[in-house]
Amino acid sequence: MTFNPADNEKVREASREIFSKFCKSFLEKDMNQFIELFDDNALFEFPYAPKGFTQKLEGKAAIYEYVKDFPQRFDITRFSEPTFHFAMNPNIMIVEFEIEEAQVLTTGKSYLQKYISVIETRDNKIVHYKDYWNPVVALVALLDEASLQKLLNEQ
């Protein structure tokens, strides 16, 4: 596969725009807008998910089922400015970003998370999203102390 530098920049800009819409959909709590960013056969992976938690979602329908109730569980109000790194293949980007302001609605706890995401796009859709995050931050925000201790003992 050969890449034209002018075409590469167009692909990179389109990928940046997809990521911008990705974050915007969470801020606006619009999971319908979110899911439209994905290819029908997209793969979404969580490599650091603890045992017993979702590690892989295959297909747009599975991804939507996973995120559809997100606005009832999380209130994200601010993301950091993302840092983009592109692979030689302009369809693959690595994005470093943070949730700087958020609350878990079920526990009332803050949710401040750092991410490194590896995202592959094709035809203006996400085809593969690998989501690297700190599971400890998530577990502390989502669980009460007894549930967290029980889970850690099982790991």
Does the pair D75 and F70 meet the rule for a side-chain contact (heavy atoms from CB on, under 4.5 Å), with working shown? CA-CA 9 Å; D75 181 22; F70 197 89; over 6 Å; no
Scan for salt bridge (charged side-chain N to carboxylate O under 4.0 Å, His left out) pairs involving residues 101-111, sequence neighbours excluded, and state none if there are none. R78-E101
State, with a plain yes or no, whether a side-chain heavy atom of M31 is found less than 4.5 Å away from one of P71. yes
Around F84, counting heavy atoms of other residues, nucleotides and ligands shown, do more than 12 lie under 6.0 Å from its CZ? yes
Return yes when atom CG of D40 has more than 12 non-hydrogen atoms of other residues, nucleotides or ligands closer than 6.0 Å, and no otherwise. yes
Is any side-chain heavy atom of K130 closer than 4.5 Å to a side-chain heavy atom of E120? no
A side-chain contact here means heavy atoms from C-beta on lying under 4.5 Å apart; do V136 and Y48 qualify? no
Is the number of heavy atoms from other residues, nucleotides or ligands within 6.0 Å of NZ (K114) greater than 12? no
State whether the number of non-hydrogen atoms from other residues, nucleotides or ligands found under 6.0 Å of E81 atom CD is greater than 12. no
Mind listing the side-chain donor-acceptor pairs of residues 13-20 below 3.5 Å, one per line with the distance, residues two or more places apart or on another chain?
from, atom 1, to, atom 2, distance (Å)
E13, OE1, R16, NH1, 3.1
S15, OG, V11, O, 3.1
S15, OG, T121, OG1, 2.9
R16, NH1, E9, OE2, 3.2

Does atom CD of Q55 have more than 12 heavy-atom neighbours, drawn from other residues, nucleotides or ligands, at distances under 6.0 Å? yes
Among side-chain atoms of Y115 and Q113, is any donor-acceptor pair under 3.5 angstrom? no
Should the pair Y129 and F38 be assigned to parallel (<30°), tilted (30 to 60°) or perpendicular (>60°) ring geometry? tilted
For F86, ring-ring contact (aromatic ring centres under 6.0 Å, His included) partners two or more places apart: none
At their closest point, which heavy atom of N8 faces which heavy atom of P90, and how far apart are they? OD1-CG, 3.4 Å
Before we go on, tell me: are the rings of Y132 and F46 under 6.0 Å apart, centre to centre? no
I'd like to know if E65 pairs up with K60 as an ion pair, taking the criterion as any Lys NZ or Arg NE/NH1/NH2 lying under 4.0 Å from an Asp or Glu carboxylate oxygen. no
